[in-house]
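All chains are named by letter (A, B, ...) in the order of the sequence lines, taking the proteins before the strands, and each is independently numbered beginning at 1. Basis for what follows: all heavy atoms, side chains included, without hydrogens, waters or symmetry-related copies.
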2 protein chains.
Amino acid sequence: MTEPMGITSPTDPDAVIHDAIATLRREGLRITVPRRQVIDVLARTDEHLTVEDLHERVQERTDGIHLATVYRTVETLVQRGLIDHIHLPHGATTYHLVVDRNASHCHAMCTDCDRIIDLPPDLLDGVAAEVLRQHGFELNSRHAALTGRCRDCRAG
Amino acid sequence: MTEPMGITSPTDPDAVIHDAIATLRREGLRITVPRRQVIDVLARTDEHLTVEDLHERVQERTDGIHLATVYRTVETLVQRGLIDHIHLPHGATTYHLVVDRNASHCHAMCTDCDRIIDLPPDLLDGVAAEVLRQHGFELNSRHAALTGRCRDCRAG
DNA sequence: CGCTTGATGCGAGGTTCTCGCATTACTTTC
DNA sequence: GAAAGTAATGCGAGAACCTCGCATCAAGCG
C-alpha cells in the first residue's frame with residue numbers, strides 16, 4: 001500500500017478537506033470549484049451519496065455545475081484514493097470520503113429498505129486470505145457491497 | 001448447514017430443464033416458448049449471462065422474442081428461485097441457473113478483466129453468522145458479488 | 001374447439017452514465 | 001499581476017440498461 005497518511009483528527013471536516021486538497025495539488029491536479037464543492041459535501045456528511053445526490057447538494061451552493069462534471073470529479077477522486085465507491089444492487093453507485101486509508105470499511109445493503117449499513121473493515125480479512133490462497137483472487141473488500149436484510153426489516 | 005453437493009447428476013441439462021418446467025407448471029405459470037428457450041440456454045451453459053446475452057442466444061433459436069420478454073422471464077424465474085442473479089459493478093446484472101437450491105454459490109468479479117469466478121457456497125458462512133450476531137443483519141451471500149483482481153490479472 | 005386470461009411483442013420513455021468539443025479558468029512563468 | 005499553456009468544465013448528444021402500458025396472442029382449461 002502507500003505511506004500512512006497522518007490524519008490529525010479523523011472526523012474534523014476542515015482537516016479532511018485540507019488533506020484532500022493537498023493531495024490533489026501534490027498530484028498535479030487543479031483545484032477547481034466543482035472539486036472543492038464535492039469534497040466539501042462529502043467531508044461534512046457520513047451518508048453514502050449517489051452522483052445525483054452530490055450534484056443536487058453541490059448545486060445548492062454553486063449554481064451551474066454540470067452533472068457530467070460531478071461524474072468526472074468522483075472518478076478522479078476515486079482514482080486518487082480520496083473517496084470510496086460501492087456498487088449497489090438495483091441502484092446507482094454511491095460515494096463516500098475515505099477518512100482512514102488503512103481501514104476502509106465494508107458495506108451491506110438491505111434489499112428491503114435499501115439502507116446501507118457499515119461493517120467492520122476487517123470483516124472479510126479471513127475470507128480474503130482464503131480466497132487468495134485457494135483461487136489466487138485478491139479480494140478488494142472496499143467494493144464488496146454485501147446484501148441481505150437488516151434488523152428492522154427482519155423484525156417488521 | 002449441510003453439504004448435499006452432487007446428489008444425482010447435477011449438470012444434466014435435460015433433467016434440470018425438466019425440473020424447471022415442472023416447477024413453473026406447479027406454480028400455475030404457463031410454459032411459453034420464451035420461457036422454454038431462456039431455461040434451455042441457461043441449463044446448457046455454466047456462464048453468467050446478461051439479459052442481452054440471453055436475448056441474443058434465444059434469438060438464434062427462435063426469432064422474434066423481444067428483449068422485454070427476456071427481462072420479464074428472468075424476473076419470473078428469479079422470483080421462483082429457479083435462477084440466481086448477481087449485480088456487477090460497471091455492468092449489467094447476470095443470471096445463471098440454480099442447480100442446487102441448498103448451495104447457491106458466491107461470486108467474485110475481476111475489476112480488470114471483468115471475468116466472474118465462482119466461489120464456494122460456504123465461503124461467507126462464518127462472516128454471515130458474525131454479521132447476524134453483531135448487527136442483526138441477515139446476509140444473503142447469493143447476491144454478494146465480491147470484487148478484486150484475478151490470478152491472471154495479478155500476474156500480468 | 002372455443003374461452004379465459006396470463007404472457008408476449010412493441011415502442012415509448014426513464015435512469016444512469018459516457019463522450020467529444022468548444023470554452024473557461026487554474027497554475028506557472030515572467 | 002498579466003500572459004500563456006493546458007487541464008478541467010459546461011453542454012448536449014447519445015449509449016447502455018431497464019421498465020411500462022397496451023393491444024394482441026396463445027397456453028391451458030373444460
N/O contacts under 3.5 Å, protein versus nucleotides 9-13 of chain D?
from, atom 1, to, atom 2, distance (Å)
D/dT9, OP1, A/T32, OG1, 3.0
D/dG10, OP1, A/G64, O, 3.3
D/dG10, OP2, A/H66, N, 3.1
D/dG10, OP2, A/T69, OG1, 2.6
D/dG10, N7, A/R72, NH2, 2.8
D/dG10, O6, A/R72, NH1, 3.4
D/dG10, O6, A/R72, NH2, 3.3
D/dC11, N4, A/R72, NH2, 3.4

Ignoring hydrogens and geometry beyond distance, is the side chain of A/R30 in donor-acceptor contact with the base of D/dA8 at under 3.5 Å? no
Taking CG from B/L54 and P from D/dC18, how many angstroms apart are they, rounded to a whole number? 12 Å
When rounded to whole Å, the CD to P distance for the pair A/Q79 and D/dA7 reads 15 Å
Starting at CD1 of A/I86 and ending at P of C/dT16, how long is that distance when rounded to a whole Å? 16 Å
In whole angstrom, what separates B/H85's NE2 from D/dC17's C1'? 14 Å
Integer-rounded Å distance: C/dA7 P and B/I31 CD1: 9 Å
Comparing B/E75 and B/R36 on DNA chain D - which has the more 5′ nearest nucleotide: B/E75
Quick one: are A/H96 and A/H107 in side-chain contact, heavy atoms under 4.5 Å? yes
Could you tell me whether the side chain of A/Q59 and the main chain of A/G64 form a donor-acceptor pair under 3.5 Å? yes
Sugar-phosphate only, base, or nothing, as touched by B/T93 at under 4.0 Å among non-hydrogen atoms: sugar-phosphate
At 4.0 Å (heavy atoms only), tell me whether B/R25 reaches a base, stays on the sugar-phosphate, or touches nothing. sugar-phosphate
Check the distance between C/dT27's C1' and A/I21's CD1 and give it to me in whole angstrom. 15 Å
Do other residues, nucleotides or ligands put more than 12 heavy atoms under 6.0 Å from the CZ atom of A/R115? no
C/dC26 P sits how many Å from A/Q37 CD, rounded? 13 Å
Do the side-chain N or O atoms of A/Y71 get closer than 4.0 angstrom to the phosphate oxygens (OP1, OP2) of C/dT18? no
Any salt bridge linking B/E130 with B/R133? Criterion: basic side-chain nitrogen under 4.0 Å from a carboxylate oxygen. yes
Ignoring hydrogens and geometry, is there a side-chain-to-backbone donor-acceptor pair from A/R44 to A/P13 under 3.5 Å? no
When you check the gap from the basic side-chain N to the acidic O, do B/R36 and B/D40 get nearer than 4.0 Å? no
May I ask you to decide whether B/R72 forms a salt bridge with B/E75, counting only side-chain N to carboxylate O separations under 4.0 Å? no
